[in-house]
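Contents: one structure, followed by commentary.
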Amino acid sequence: MEAVIAVVALLFVLFLVAGAYAAVKAVGAARRGVDRTLTQARRTVEDTTLRARTFAQPGAVGELAQLRLKLRTSMRATQDALRAGVAADASLHESLALFERLSTHGHELDDELKRLESEPDRITLSQRLPALKERTEQITKAADSLRWAARDRADKFADDDLDLLKSQIDMEAGALRHWATEPSGTQQPSPPTPPASSSASSSSAGSSSSGSSSASSASWAEQSATGAATPAEEGDRAAQEPTRPAISPAAPRPTYPWEKKAKPESTT
């Protein structure tokens, strides 16, 4: 009984711990979501304010607002591009680390520009504007270089993948249309032309064979002329030979003592 109570108590404690952990995680996720929403809202308000100052306040203050807006836009776009690309391309981790170092200089410059917006000495502010512009240009160019390099790399991979896919599709389409690639008919190869030496040898062989055939025909003609008999001689030879019947008569059948004598057939 005590063991059952201990197991039930242990399960209850485990359920409490799991519930508390889930509650903490949910609260943390909700807090992060709220912070993210507040950050985006604050960023949107600041960008809108900077755009308004660019048009509403000419002079040094308007130029400072324009520099801040340019810096923030470039840095944010590069950060989003690198964070989105590092999930698909692990080689962008080094680029992201370089951007984090660049972001440090960007935050320092943005804070300095923000402080100078409330500077009452406009003359000193106008004197420092060229250096601030050059510094802003350097940071934005570096950020843009990283962003466009990452995008070009992604486009190159996409083009290579597309070319490979197109070649595979063309190969598969050709395999499906196998009847279109087969030849319509087979052409018989033309017989090779015999060389002049073979033709000459064949002609000499033909002449020798024709000569031998004519010689053999002549010898056969002589034999037939010497061995052939005239019709009168053949008739005398036939008259001298005795005539033989066409069918020889049948031999008499032998008789044996144990055989009975055949009775004559009566005609009555």
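In this text, all values refer to a predicted model and were calculated from it rather than measured experimentally. Only heavy atoms go into these numbers, but all of them, side chains included; no hydrogens, no water, no symmetry mates. For reference, positions follow the sequence shown, starting with 1.
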Point-to-point distance, once rounded to the nearest 0.5 Å, from [atom1] of [X] to [atom2] of [Y]:
X: Leu71; Y: Glu137; atom1: CG; atom2: CD; value: 11.0 Å
X: Thr78; Y: Leu98; atom1: OG1; atom2: CG; value: 12.5 Å
X: Gln79; Y: Leu102; atom1: CD; atom2: CG; value: 11.0 Å
X: Asp152; Y: Phe157; atom1: CG; atom2: CZ; value: 11.5 Å

Is [Y] close to [X] at the side-chain level, that is, under 4.5 Å between some pair of heavy atoms?
X: Leu116; Y: Leu132; result: yes
X: Phe99; Y: Met75; result: yes
X: Arg135; Y: Glu112; result: yes
X: Leu64; Y: Leu129; result: yes
X: Leu113; Y: Leu109; result: yes
X: Lys133; Y: Glu63; result: yes
X: Arg68; Y: Asp110; result: yes
X: Arg76; Y: Asp80; result: yes

Show the nearest heavy-atom pair for residues [X] and [Y], with the distance to one decimal.
X: Leu164; Y: Ser167; result: O-OG, 2.7 Å
X: Gln127; Y: Pro130; result: O-CD, 3.4 Å
X: Leu92; Y: Ala150; result: CD2-CB, 4.2 Å
X: Ser91; Y: Arg153; result: OG-NH2, 3.0 Å
X: Ser95; Y: Leu146; result: O-CD1, 4.1 Å
X: Ala81; Y: Arg147; result: CB-CG, 3.9 Å

Checklist line | Salt-bridge contact Glu119-Arg128 (side-chain N to carboxylate O under 4.0 Å) | finding: no

Margin query: Assess whether a salt bridge exists between Asp111 and Lys114, defined as any Lys/Arg side-chain N lying under 4.0 Å from an Asp/Glu carboxylate O.
Written below: no

Does [atom1] in [X] sit with more than 12 non-hydrogen atoms of other residues, nucleotides or ligands closer than 6.0 Å?
X: Gln66; atom1: CD; answer: no
X: Ile123; atom1: CD1; answer: no
X: Arg83; atom1: CZ; answer: no
X: Gln168; atom1: CD; answer: yes

Notebook entry, point to check: Among pairs that include at least one residue of residues 8-26, which meet salt bridge (charged side-chain N to carboxylate O under 4.0 Å, His left out), considering only residues two or more places apart or in two chains?
Noted result: none

Margin query: For residues 159-169, which residue pairs pass the salt bridge (charged side-chain N to carboxylate O under 4.0 Å, His left out) check, not counting sequence neighbours?
Written below: Lys156-Asp160, Lys166-Asp170

Notebook entry, point to check: Does Trp148 sit in a hydrophobic cluster with other residues, and if so which ones, taking ILVMFWY side chains as linked at heavy-atom separations under 4.5 Å, directly or through other members?
Noted result: none

Check: Does Thr136 reach the main-chain N or O of Leu67 with its side chain, forming a donor-acceptor pair under 3.5 Å?
Finding: no

Next item on the list: Could you tell me whether a side-chain N or O of Ser74 sits under 3.5 Å from a main-chain N or O of Lys70, the two making a donor and an acceptor?
Entry: no

